[in-house]
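Quick notes on the structure that follows.
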Amino acid sequence: MHTPHSSAPQAFPHHTFAARSGTEATHESLAGPGSTASHPVRPEAEAPSSTPSGAARSDPQIPTVIRCETTADFLAALPRLVGFTAPDSLFVVLFSESRAHGAMRVDLPDGESPEAVDAYIAELIGWVAHAEHQHGTSRPAFVITSSLSFSEAGEIPWRRFAGRLDAQLERAGISPRELCCLAPDGWASYLDLGAPLTGYPLNLIDRSAAAPDSPLPTLAELGQQRRVRPTERDAFAGALERERAKRAHPSFGHTLTAAADWHALGDRQAARLRDRLEVLFSPGKRTLEECASLVSDLTTDAGWTCCFDSLATAASTAHDPAAARDPDRAALSRLVAASDTLAFIAPLVSRSERAAFTALCALAWWFRGLESVATAHIAEALRLDSADAVVQLAGEVIHSGSFTLTTRGLD
């Protein structure tokens with residue numbers, strides 16, 4: 001077993017670290033792009049949701065360094081790193097030296113049998129070892145968020161599971177930077193011999209300078225479609241009518257209806273289409289006129305295929321190990337903006353078009369690494385129209401767990 005330590009509650013074991021806020025670095029299952037793992041365990045992170053009463057919110061992803069001197073600081077900063085909270089989860093934060101490199105979330109194991117727990121831990125360790133090899137990370141930190149309280153457990157919750165995890169990490173040559181638990185009535189480190197049975201008080205986390213200014217959404221709340229007022233829907237319908245009338249005029253040039261196939265577009269047409277869709281990937285609020293332009297393009301075969309291609313390209317870049325060296329995480333910011341904008345637009349469009357936009361939104365969430373949000377969206381899209389071509393393709397990609405190629409240039 002790794003050597004426990006006895007310390008005051010403010011002592012953060014092993015290292016101070018700086019986590020980037022405003023960048024996305026987590027996923028939620030081992031399964032995901034390029035993976036076929038069966039248990040839900042891979043990187044999921046900062047995921048700003050659309051504002052319920054205005055345009056989609058996607059603030060520019062300005063890296064903010066959060067310095068954590070204590071375990072309380074670390075627990076306070078975790079929601080800012082991943083962008084949400086989730087009960088009954090295991091979070092793994094990867095580090096490059098003393099800086100948080102990324103994170104992942106997985107449901108805590110369902111079964112209590114040693115065989116089930118060992119299989120769970122083995123897959124988890126396999127993912128951590130793969131991440132260390134691919135990204136050069138080391139000494140991850142593990143956080144269990146438990147709905148079971150200290151008072152209900154009579155001790156630190158999930159103690160036996162944490163002990164089994166620690167022992168298997170040691171056998172695998174992985175030395176955790178921290179292994180701790182956050183419960184409804186307290187928190188403690190499993191490595192802290194001096195931790196009280198009732199845990200340390202939550203106000204140490206609440207008072208931390210690393211804590212977010214306002215509560216972050218839960219994982220279940222991410223990606224929820226907003227309610228649209230009738231006045232907003234009418235205003236959008238008017239903007240869409242004007243946009244389509246503009247495109248029908250000869251002065252607009254070649255319309256996409258003349259070449260609806262993305263692969264059949266000439267270079268000039270394709271470039272114009274990409275330029276018009278660029279607003280989808282740009283942080284900031286969307287006007288109704290911008291939304292109308294996007295809808296006019298994305299309701300053509302060429303438009304949604306170009307969107308899919310751009311999402312896949314951004315995802316391939318964002319999840320490449322070299323992307324971690326980009327302090328602005330530009331590719332990830334593009335995916336954040338796209339998912340926010342699509343989530344803003346989807347409830348505005350007509351019911352006949354909503355399935356396709358919900359499916360595109362699901363793809364954007366999935367390419368970000370937020371697999372559970374993507375799964376909920378694709379289920380809703382399938383409910384709306386399971387025969388829609390966009391819905392079928394998005395469902396195939398999400399359920400297959402991989403995206404090996406972009407669509408541009410494929411037969």
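Model, not experiment: these values are computed from the prediction.
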Test side chain to side chain contact (heavy atoms under 4.5 Å, CB included) applied to T341 and F281, step by step: CA-CA 8 Å; T341 301; F281 298 92; over 6 Å; no

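- Side-chain atoms of R247 and S293 include a donor-acceptor pair closer than 3.5 Å.
- Nearest heavy atoms, A153 versus P157: CB-CA, 4.2 Å.
- Considering only heavy atoms from C-beta on, L393 stays 4.5 Å or farther from T305 through its side chain.
- Of the candidates T313, L311, I398, F367 forms a side chain to side chain contact (heavy atoms under 4.5 Å, CB included) with just one, namely L311.
- Under the salt bridge (charged side-chain N to carboxylate O under 4.0 Å, His left out) criterion, R244 pairs with E353, not counting sequence neighbours.
- Legend: residues meeting side chain to side chain donor-acceptor pair (under 3.5 Å) with S310, ordered by chain and number and at least two apart, are absent.
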Atom pairs and distances, donor-acceptor, side-chain atoms in residues 207-217, under 3.5 Å, two or more places apart:
from : atom 1 : to   : atom 2 : distance (Å)
S208 : OG     : D73  : OD1    : 2.5
S208 : OG     : A210 : N      : 3.0

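- With sequence neighbours excluded, the residues satisfying side chain to side chain donor-acceptor pair (under 3.5 Å) with S147 are D88.
- Residues passing the side-chain contact (heavy atoms from CB on, under 4.5 Å) test with E152, sequence neighbours excluded: L148, S149.
- No donor-acceptor pair under 3.5 Å is formed between the side chain of T375 and the backbone N or O of V373.
- When the side-chain contact (heavy atoms from CB on, under 4.5 Å) test is applied to E290, the partners found at least two apart in sequence or on another chain are V279, R286, T287.
- The side-chain contact (heavy atoms from CB on, under 4.5 Å) test applied to V117 returns I121, F161, R164, not counting sequence neighbours.
- Closest heavy-atom contact between R139 and F95: O-CD1, 3.7 Å.
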Test log, rule side chain to side chain contact (heavy atoms under 4.5 Å, CB included), inputs L204 and T71: CA-CA 10 Å; L204 292 176; T71 301; over 6 Å; no

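- Counting heavy atoms from C-beta outward, F357 and S350 have side chains that stay 4.5 Å or more apart.
- For A381, the side-chain contact (heavy atoms from CB on, under 4.5 Å) partners are T358, A359, I378, V391, not counting sequence neighbours.
- Within 6.0 Å of atom CD in E289, more than 12 heavy atoms from other residues, nucleotides or ligands are found, so the atom counts as buried in its surroundings.
- I144 and A162 make their closest contact through CD1-CB, 4.4 Å (heavy atoms, listed as atom of the first residue, atom of the second, distance).
- With sequence neighbours left out, the side chain to side chain donor-acceptor pair (under 3.5 Å) criterion links E278 to R334.
- Annotation: side chain to side chain donor-acceptor pair (under 3.5 Å) contacts of E155 (sequence neighbours excluded): R159.
- Put simply, the side chain of L81 does not reach to within 4.5 Å of the side chain of F91, judged on heavy atoms.
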